[in-house]
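First comes the structure, then the notes that go with it.
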Number of protein chains: 2
Amino acid sequence: MQKQIEKYRKKGMKLTPQRLAILEYLDGNTAHPTAEDIYRAVKKKHPTLSFATVYNTLQALVNMGEVMELTIDPERKHFDPDTTPHHHVICTRCGRIGDVFVDYSRRLELPEEVTRSFTVTSNHIDFYGVCKNCERKRRTK
Amino acid sequence: MQKQIEKYRKKGMKLTPQRLAILEYLDGNTAHPTAEDIYRAVKKKHPTLSFATVYNTLQALVNMGEVMELTIDPERKHFDPDTTPHHHVICTRCGRIGDVFVDYSRRLELPEEVTRSFTVTSNHIDFYGVCKNCERKRRTK
DNA sequence: TTCAAAAGTTGGAATCGTTCTAAACAGTCG
DNA sequence: CGACTGTTTAGAACGATTCCAACTTTTGAA
Ligand SMILES: [Mn+2]
Ligand SMILES: [Mn+2]
Ligand SMILES: [Zn+2]
Ligand SMILES: [Zn+2]
């Protein structure tokens, strides 16, 4: 976390208490929170926090390449502080999002009809299924 | 197209002129249109068409499993009348969406830490790149 | 054919996530 | 102490999508 702070300071980002709280909340967070998740959590320590600040900070972080925006949920954006390339598993019952740290690129050859019309440089896989939590619930029902 | 119409009639869907026009527009359409694309195109023949009808019809089709909703574009939903499982290529410059009809499932083994917490049943890959059109533009600039 | 129930259409209002705005604030430097 | 710069805030604005209530069409039974 200290490293993080240094990094942001070096990049010329002013570190306000609100931003620090947001950074702290995101640091190591693997839950893929939405702006509202962040807002609600950070508001506890900073009751005057506004949504604008959350969105502003997120945008700054995304521009700096420190946070990724996930287009996984049609209803709202999710944010991922882990910017190493990776994929996701989504529980179709509860929406829980998990990480998949495997690079499948070598195995994803594209047919010629595609490479003819696109120069592909990256990929992202969404796996869909049911999480153990939801599975357990279903059985006990 | 006639087959289509029969299919919908059998499923107990009322076939109004607006719906027929929407179905016709979607039939064989590989452009992954948005609700607005559909609205604009169909409005030419049915000037009184409302967005509500477009959304209602799309929802009915999605519920029937005849159309897929794509969560690829953070700004708006795209719709795909091709419901056979397949993947997509997205041009990061112009947003153009292409199809990739390859089943990679066999090659996408998941690490045990994932299978321990999720029962995965399907996957969808987004490939990102630049389409030839945009590439040409860039070079001539 | 006729007719009424059920389902669909419409324009506009409402909703919801996200972005924008203008005014108040805070830290920095002279 | 100002002036400067970037930040925070509340609330307005926005754009995609959903909802609503009144009206119209489709459909199938009589
Ligand atoms: Mn992740
Ligand atoms: Mn497609
Ligand atoms: Zn779940
Ligand atoms: Zn392009």
(message) Taking any atom closer than 4.0 angstrom to a non-hydrogen atom of chain A, what span of DNA chain C does the protein reach, first nucleotide to last?
(response) dG17(C) to dC20(C)
(request) Could you list the residues that satisfy side-chain hydrogen bond (donor to acceptor under 3.5 Å, both in side chains) with Asn123(B), not counting sequence neighbours? (result) Ser105(B)
(message) Base contacts versus sugar-phosphate-only contacts with protein, heavy atoms under 4.0 Å: please encode nucleotides 5-19 of chain D as B, S and - from 5' to 3'.
(response) BSSBBB-----SBBB
(message) Tell me every residue that passes salt bridge (Lys or Arg N to Asp or Glu O under 4.0 Å) with Glu113(B), counting only those two or more places apart in sequence or in another chain.
(response) none
(request) Could you pull out all residues at least two apart from Thr121(B) that satisfy side-chain hydrogen bond (donor to acceptor under 3.5 Å, both in side chains)? (result) none
(request) List for me each residue that meets side-chain hydrogen bond (donor to acceptor under 3.5 Å, both in side chains) alongside His86(A), sequence neighbours excluded, and say none if there are none. (result) Asp80(A), His88(A), Asp99(A)
(message) Once side-chain hydrogen bond (donor to acceptor under 3.5 Å, both in side chains) is applied, do any residues pair with His87(A), and if so which ones, sequence neighbours excluded?
(response) none
Using a 3.5 Å cut-off and no angle test, enumerate the donor-acceptor pairs between side-chain atoms of residues 54-63 of chain B and protein atoms at least two apart in sequence or in another chain.
| from | atom 1 | to | atom 2 | distance (Å) |
| --- | --- | --- | --- | --- |
| Asn56(B) | ND2 | Ala52(B) | O | 3.3 |
| Thr57(B) | OG1 | Thr53(B) | O | 2.8 |
| Asn63(B) | ND2 | Gln59(B) | O | 3.4 |

(request) Mind jotting down which residue pairs meet the salt bridge (Lys or Arg N to Asp or Glu O under 4.0 Å) criterion with at least one end in residues 29-44 of chain B? Sequence neighbours excluded, please. (result) Glu36(B)-Arg40(B)
